[in-house]
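Proteins get letters first, then strands, A, B, ... in listed order; numbering begins at 1 in each.
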Amino acid sequence: MTEITENAAVKAEKPSHFIQNILRTDLEEGNVASVVTRFPPEPNGYLHIGHAKSICLNFGMAKQFGGACNLRFDDTNPEKESDEYVEAIKRDVTWLGFAWDGEIRFTSDYFDQLHSWAIELIKAGKAYVCDLNADQAREYRGTLTQPGKNSPNRDRSVDENLALFEQMRAGELEEGSCSLRAKIDMAAPNINLRDPIIYRIKKVDHHQTGDKWCIYPSYDFAHGQSDAIEGVTHSICTLEFEDHRPLYEWFIANISVPAKPKQYEFARLNLNYTVTSKRKLRQLVEEGHVEGWDDPRMPTISGMRRRGYTPESLRNFCERIGVTRSDSMVDVGMLEYCVRDDLDKNAPRAMCVLRPLKVTLTNYPEGKIERLVAAGHPNRDDLAERELPFGKTVFIDVEDFREEANKKYKRLVLGKRVRLRNAYVIEADEAIKNDAGEIIEVKARVIENTIGVDPEDGVKPKGVIHWVSADEHIECDIRLYDRLFNEEVPGAADGDFLQAINPDSLQILRGAKVEVSLRDAQPASVYQFEREGYFCLDEQHSKEGAPVFNRTISLRDSWAKMSQ
RNA sequence: UGGGGCGUAGCCAAGCGGUAAGGCAGCGGGUUUUGAUCCCGUCAUGCGAAGGUUCGAAUCCUUCCGCCCCAGCCA
């Protein structure tokens, strides 16, 4: 009874997407015994939010349908790849909350098999060594509207092809001088079928296989066959590979592979005000526009992790945006919502004054320190309470005091009352200024007996502001982040995405004051600094006794909206 | 102008011939010792456009329009 109701509710809340429909149908009709997917990154850069969508999809489908998902490094181009990236990718996938089936796989694990399948194609008269160089090959390929011309070497004998391919393998031929091509159709309207290159000479060491090979298979030749070797049933990739599907199927049909995997495509993630292209992200790193791949402003998994985004929030985001075949541009506001949603529920609360203004409580006894207690979270009693030392001098934020203000301003105003969160109601009497006319201190009074209750005289405080004890607190730096780009589609305007970089994406505040309960804060835990936002310790910049906090994201701020 | 895809609200996205789900954003209101959270309400006579079929069309047919991808020995 309950189950039926719950299932019905779940169904109404979250309809299935087309990949789920395909998997369910294939399982029901017995087309596959179980589902096997794979996440196939090339280790040539760090994973970003777009990869998170693919990871959640591939691992998520395996999990939902009781199947398996492999992690396979698609390492067919040693020139661009490195072990640093494979380590980072493993770390990121794990952090996101997924576990791959069995051992890590590498396409390079299959180089021997792939090589013998290439020979199989040659023997079947379906592949040949072509002597055209890259420029010539381009000319022979034709254009989008004109068919290509056959290579002069297209009808070489099997024996000659075998001998030549062996020479390629043995390193006897120069890089670029020739290649192994599949013999399909130079007049095919789909350019991918115009005798695609399946093996090329690259005399470079490989991060996994060392100097064993000087020829490497192309993506097209390696991917589907690797899927077949691993028993992948559903090879899920992005839309730009759609035109490659006929080629994927051609190889599977013409080679003695152990299984017949199928390729399905979905739309990659586009996020506004964000760049999700490994090439561009690498450029930001290499040209020093950011601190590194894990800079908190980067949309990389490692950057978001350092920023304080949680695995749960990212998974939820990927769940919410859906999986379709239509190009879309998701609003970053959706991501921000997911981050706030998770953090609001789970982040312990604390107080931190970002821009300190000294407040002296003239009627409070000199030297007296009260140990007040505050909840760890307003809606959860399972999070530990914390102790707040309260004394004669406190810091509040400069933004929270005005000499005069209209009724909409719900903070401290001269002659008016405000509540110090988790503490007393106070009333401001005087603003002390320096020679430049800047307010450097506020003299105020504590209204007695106002811990947990309103003032006895019936004059209620206008609002609630946060504060930190001047006697006991921790000095820290705060790093505030804003979007890295000012344009919705960076570079769409003049073609150069670097021109769209937001010069104010990082703002550092020195000398902020955070409450003492954060003495042992760890980088992995995110706190809500009440009324300000969510923050976490930055492991790169923090030093012993000199913590630095990253603002993960601000709180929603309707005041900022109405006051502008 | 070849081939392959995609068009449902500002942004995602259900819907698959029976009279437009849900979420984000926005707007209005309530609760609140965070201007947060939470709660309530509101937000497409309309589904890229025009014709057609049908008692009935976002769903079927025709034509048109727009956008994306493909001419690496990258993936």
Side-chain angles (χ1 to χ4, degrees), chain A residues 12-17 40-42 44 74-77 79-81 130 132-134 137-139 141-148 175-181 188-194 196-202 215-216 218-220 222-223 237-246 265 267 272 278-279 320-338 340-341 344-345 349 351 374 377-379 408-411 419-423 425 450-454 461 463-466 528-533 554-563:
Chain A
E13 280 167 25
K14 192 64 196 174
S16 59
H17 53 67
E42 181 187 13
N44 68 342
D74 208 347
D75 55 350
T76 56
N77 186 358
E79 284 171 332
K80 298 182 175 179
E81 301 155 4
C130 174
L132 259 26
N133 62 32
R138 188 179 314 118
E139 283 174 35
R141 190 154 35 232
T143 68
L144 294 178
T145 53
Q146 292 167 262
E175 225 176 285
S177 66
C178 60
S179 63
L180 183 70
R181 297 225 251 165
N190 179 342
I191 292 178
N192 294 121
L193 263 18
R194 318 240 264 230
I197 274 89
I198 62 182
Y199 257 98
R200 65 296 209 214
I201 301 169
K202 277 183 191 291
I215 56 171
Y216 294 95
S218 64
Y219 161 85
D220 286 307
H223 207 93
C237 62
T238 44
L239 249 24
E240 65 270 26
F241 291 100
E242 204 166 358
D243 291 343
H244 293 243
R245 193 185 339 129
E265 313 85 18
N272 58 10
K278 275 195 217 170
R279 198 205 100 229
R320 282 169 181 267
I321 57 176
V323 179
T324 69
R325 288 175 61 85
S326 43
D327 290 303
S328 60
M329 175 72 75
V330 176
D331 193 321
V332 279
M334 186 83 89
L335 211 209
E336 295 174 344
Y337 167 82
C338 292
R340 290 192 179 105
D341 186 47
D344 173 62
K345 292 184 179 80
R349 308 289 128 121
M351 291 195 284
H377 190 287
N379 311 315
K408 286 191 171 179
Y409 186 79
K410 304 198 296 183
R411 309 180 188 185
R419 171 171 298 278
L420 294 180
R421 169 129 249 237
N422 298 308
V425 171
T450 50
I451 298 283
V453 292
D454 282 334
V464 182
I465 63 174
H466 56 100
Q528 183 194 103
F529 289 173
E530 291 187 290
R531 299 211 316 132
E532 292 290 357
S554 65
L555 250 31
R556 265 189 76 224
D557 189 356
S558 57
W559 163 249
K561 225 172 283 171
M562 70 193 271
S563 60

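- Of the side-chain N and O atoms in A/Ser218, none sit less than 4.0 angstrom from OP1 or OP2 of B/rA75.
- For A/Ile321, taking side-chain heavy atoms from C-beta onward, the closest of the listed nucleotides B/rA71, B/rA75, B/rC12 is B/rC12.
- Side-chain atoms of A/Arg200 do not come within 3.5 Å of backbone N or O of A/Glu175 as any donor-acceptor pair.
- In terms of phosphate contacts, A/Arg200 brings a side-chain nitrogen or oxygen within less than 4.0 Å of OP1 or OP2 of B/rA75.
- Taken from CE in A/Met334 to CZ in A/Arg320, the straight-line distance is 7.5 Å, to the nearest 0.5 Å.
- Base-pair partner of B/rU62: B/rA50 (Watson-Crick or G-U wobble, both distances under 3.5 Å).
- For A/Gln528 and B/rU34, a side-chain-to-base donor-acceptor distance below 3.5 Å is present, hydrogens and geometry of angles not being considered.
- Using a 4.0 Å heavy-atom distance criterion, A/His466 is classed as making no nucleic acid contact.
- Side-chain to base pairing of A/Arg531 with B/rU34: no donor and acceptor N or O lie closer than 3.5 Å to each other.
- Of the possible donor and acceptor atoms, one in the side chain of A/Thr450 sits under 3.5 Å from a partner among the backbone N and O of A/Val425.
- Side-chain atoms of A/Lys80 lie closest to B/rC74 of the nucleotides B/rG35, B/rU34, B/rC74.
- Nearest-nucleotide positions on RNA chain B place A/Arg349 closer to the 5' end than the other of A/Thr143 and A/Arg349.
- Stacking annotation: A/Trp559 is stacked on the base of B/rG35 (ring centroids less than 5.5 angstrom apart, interplanar angle below 30 degrees).
- Nearest to the side-chain atoms of A/Ser328 among the listed nucleotides B/rC12, B/rA75, B/rA25 stands B/rC12.
- For A/Tyr219, no side-chain nitrogen or oxygen approaches OP1 or OP2 of B/rC74 to under 4.0 Å.
- Distance, A/Asn44 CG to B/rC74 P: 13 Å, rounded to whole Å.
- Dashed line: the shortest gap from a side-chain N or O of A/Thr76 to OP1 or OP2 of B/rA75 is under 4.0 Å.
- The phosphate of B/rG72 has OP1 or OP2 within less than 4.0 Å of a side-chain N or O from A/Arg141.
- Here the separation of B/rC67 from B/rA58, taken at their P atoms, is 26 Å to the nearest Å.
- Separation of atoms CH2 (A/Trp559) and CZ (A/Arg411) is listed at 6.0 Å; rounding is to 0.5 Å.
- Taking atom C1' in both B/rA36 and B/rG46, one finds a spacing of 36 Å when rounded to whole Å.
- Across all strands shown, A/Asn133 has heavy atoms under 4.0 Å from base atoms, whether or not it also approaches the sugar-phosphate.
- Under 4.0 angstrom from either OP1 or OP2 of B/rA21 there lies no side-chain N or O belonging to A/Lys14.
- Nearest nucleotide to the A/Tyr409 side chain, out of B/rG7, B/rC12, B/rG35: B/rG35.
- We find that A/Asp341 and A/Lys345 are joined by a salt bridge, their nearest charged nitrogen and carboxylate oxygen being less than 4.0 Å apart.
- At the phosphate of B/rG26, OP1 or OP2 sits under 4.0 Å from a side-chain N or O atom of A/Lys561.
- Residue contacts for A/Arg245: at a heavy-atom cut-off of 4.0 Å it reaches no nucleic acid atom on any strand shown.
- Residues A/Glu42 and A/Lys80 are not paired through a salt bridge, judged by the lack of any N-O separation under 4.0 Å between the basic side chain and the carboxylate.
- In this structure, A/Ile215 reaches neither bases nor backbone, as no heavy-atom distance under 4.0 Å exists between it and the strands shown.
- Within 4.0 Å (heavy atoms only), A/Arg419 reaches at least one base atom of the nucleic acid.
- Closest to the side chain of A/Leu555, out of B/rU34, B/rA71, B/rC73, is B/rU34.
- A/Pro378 comes within 4.0 angstrom of a base, heavy atoms only.
- The two residues A/Val332 and A/Asn272 have their closest heavy-atom pair at N-OD1, 2.9 Å.
- More than 90° away from 0 lies the glycosidic angle of B/rG56, which makes this nucleotide anti.
- Rounded to whole Å, the P atom of B/rG10 lies 23 Å from the corresponding atom of B/rC6.
- A salt bridge links A/Arg349 to A/Asp344: one of the charged nitrogens lies within less than 4.0 Å of a carboxylate oxygen.
- Distance from the side chain of A/Pro15 is smallest to B/rA21 among B/rA21, B/rG26, B/rG72.
- With hydrogens and angles ignored, the 3.5 Å screen pairs a side-chain donor or acceptor of A/Glu81 with a backbone N or O of A/Asn77.
- B/rG28 and B/rG17 have their P atoms separated by 41 Å, given to the nearest Å.
- Counting only heavy atoms from C-beta on, A/His17 has its side chain closest to B/rA14 among B/rG7, B/rA75, B/rA14.
- The gap from the P atom of B/rG23 to that of B/rC38 amounts to 12 Å, rounded to the nearest Å.
- Residue contacts shown for A/Leu193 are absent, as no nucleic acid heavy atom lies under 4.0 Å away.
- Considering only side-chain atoms of A/Asn77, the nucleotide from B/rG4, B/rA75, B/rC12 that sits closest is B/rA75.
- Closest to the side chain of A/Thr145, out of B/rA13, B/rG2, B/rG35, is B/rG2.
- The separation of B/rC39 from B/rC47, taken at their P atoms, amounts to 33 Å, rounded to a whole angstrom.
- Residue contacts for A/Met329: at a heavy-atom cut-off of 4.0 Å it reaches the sugar-phosphate backbone alone, with no base atom in range.
- Relative orientation of the A/Tyr219 and A/His244 rings is perpendicular, given thresholds of 30° and 60° on the angle between their planes.
- One P atom belongs to B/rU32, the other to B/rC27, and the distance between them is 23 Å to the nearest Å.
- Between the base of B/rG35 and the side chain of A/Arg556 there is no donor-acceptor pair shorter than 3.5 Å.
- Residue contacts for A/Lys278: at a heavy-atom cut-off of 4.0 Å it reaches no nucleic acid atom on any strand shown.
- One N or O donor and one acceptor, one from the side chain of A/Asp243 and one from the base of B/rG3, sit under 3.5 Å apart.
- Of the candidate nucleotides B/rA13, B/rG2, B/rA75, B/rA13 has the atom lying nearest to any side-chain atom of A/Thr324.
- If you check B/rA13 for Watson-Crick or wobble pairing at under 3.5 angstrom, you find it has no partner at all.
- Along RNA chain B, the nucleotide nearest to A/Asn422 and the one nearest to A/Asp344 differ in position, and the one closer to the 5' end is contacted by A/Asn422.
- Residue A/Glu175 is out of contact with every strand shown, counting any heavy-atom pair closer than 4.0 Å.
- A sub-4.0 Å separation between OP1 or OP2 of B/rC73 and a side-chain N or O of A/Arg181 is absent.
- Between B/rU19 and B/rA57, the distance separating the two C1' atoms is 10 Å to the nearest Å.
- At the heavy-atom level, A/Phe241 lies under 4.0 Å from base atoms of the strands shown.
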